Amino acid sequence: MQDITIRLDKIKIEESWKEALKEEFLKPYFLEIKKNYLYAKGQGKILYPPPHLIFNAFNLTPFKQLKVVLLGQDPYHNPNQAMGLSFSVPKGIALPPSLKNIYKELEQDLGISPSPNGDLTQWAKQGVLLLNSILSVEQNKPGSHQHFGWQTFTDSVIAIISQKCEGIVFLLWGNYAKAKRNLIDSRKHFILQAAHPSPLARSGFLGCRHFSMTNKILQEQGKEPIDWKIDEV
């Protein structure tokens with residue numbers, strides 16, 4: 001029989017995040033997330049990302065090194081795409097349409113040529129939290145885990161960042177992300193909004209210049225800017 005209790009020592013998440021979020025992990029809703037996830041797994045469903053990458057965004061971007069939050073919705077639902085980072089796919093995987101537009105905007109904004117590599121780990125390691133609102137999904141079923149309770153957890157993450165940090169740049173792309181604005185104290189932080197980068201979204205993402213604007217904000221605070229260039233291999 002599977003263990004459906006929550007033990008902090010068993011949660012594989014970077015230590016500064018574990019400290020910041022420990023009260024969330026012990027709340028009843030987080031136990032429901034675990035129950036829902038284990039039930040789906042027990043039904044033989046194929047789930048993404050792989051279990052060891054569910055908290056990848058947190059593990060690559062320690063709480064104490066946080067500069068930017070880039071909010072996505074739920075993980076990619078096709079094989080080999082989801083890696084626990086919003087908008088990112090592993091090296092060697094074809095670029096999804098939204099990421100192609102992100103790279104197009106990077107080129108327009110900063111003159112950075114689009115990379116064939118969609119792995120955004122380099123951003124994460126510089127303090128860009130690539131946070132999906134929902135942290136798991138069933139294969140070929142977008143939004144399939146939206147009832148698990150993940151949004152309660154990630155809303156709390158955003159609220160805790162807002163409360164405990166200063167001068168974070170929040171990139172809210174699309175209506176889903178913009179709806180999180182009320183969780184952020186705009187007196188302490190910077191909020192940049194644009195349309196979703198998906199080609200299906202209404203125009204308004206290309207030309208937003210969020211990459212240069214983010215670096216300007218960081219530099220004005222005396223912080224190191226983000227090197228947005230992604231290596232080709």
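What you see below is based on every heavy atom in this structure, not just the backbone, and it leaves out hydrogens, waters and symmetry mates. Bear in mind that the values here come from a model prediction, so they are computed numbers and not experimental data.
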Does the distance from a Lys or Arg side-chain N to an Asp or Glu carboxylate O, for [X] and [Y], drop under 4.0 Å?
X: Lys91; Y: Asp119; result: no
X: Lys104; Y: Glu107; result: no
X: Lys18; Y: Glu14; result: no

Fit a plane to each ring of [X] and [Y], take the angle between them on a 0 to 90° scale, and name the class: parallel (under 30°), tilted (30 to 60°) or perpendicular (over 60°).
X: Phe87; Y: Trp173; result: tilted
X: His145; Y: Phe148; result: parallel
X: Tyr29; Y: Phe153; result: tilted

Exercise. Under a 4.5 Å cut-off applied to non-hydrogen side-chain atoms, are Trp228 and Thr214 in contact?
Worked result: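 Yes, close enough: below the 4.5 Å cut-off.
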
Exercise. Is there side-chain contact between Val68 and Leu218, with heavy atoms separated by less than 4.5 Å?
Worked result: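 Yes, close enough: below the 4.5 Å cut-off.
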
For this session: Return yes if a side-chain donor-acceptor contact under 3.5 Å exists between Ser133 and Tyr176, otherwise no.
Result: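 A donor-acceptor contact under 3.5 Å links the two side chains.
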
Could you give the side-chain donor-acceptor pairs of residues 185-192 under 3.5 Å, partners two or more places apart or in another chain?
| unit_1 | atom_1 | unit_2 | atom_2 | d |
| --- | --- | --- | --- | --- |
| Asp185 | OD1 | Arg187 | N | 2.9 |
| Asp185 | OD1 | Arg187 | NE | 3.0 |
| Asp185 | OD2 | Arg187 | NH2 | 3.2 |
| Lys188 | NZ | Ser162 | O | 2.7 |
| Lys188 | NZ | Gln163 | O | 2.7 |
| Lys188 | NZ | Cys165 | O | 3.4 |
| His189 | ND1 | Ile168 | N | 3.1 |
| His189 | NE2 | Ser162 | O | 2.8 |
| His189 | NE2 | Cys165 | O | 3.4 |

For this session: Give the cluster check for Leu129 versus Leu120: same hydrophobic cluster or not, with ILVMFWY residues linked at side-chain heavy-atom distances below 4.5 Å.
Result: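 No, because Leu129 and Leu120 fall into different hydrophobic clusters, even though each may have its own neighbours under 4.5 Å.
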
For this session: Flag yes if Ile54 and Phe58 sit in one hydrophobic cluster, no otherwise; membership is Ile, Leu, Val, Met, Phe, Trp, Tyr, and two members link when side-chain heavy atoms are under 4.5 Å apart.
Result: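 Yes, one cluster joins them.
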
Exercise. For the residue pair Trp17 and Phe63, what are the closest heavy atoms and their distance?
Worked result: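 That closest heavy-atom pairing would be NE1-N, 3.2 Å.
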
Exercise. Other than Ile46, what residues sit in its cluster of Ile, Leu, Val, Met, Phe, Trp and Tyr side chains whose heavy atoms are under 4.5 Å apart, directly or through others?
Worked result: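 Noted: Ile46 shares its cluster with Tyr48, Val137.
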
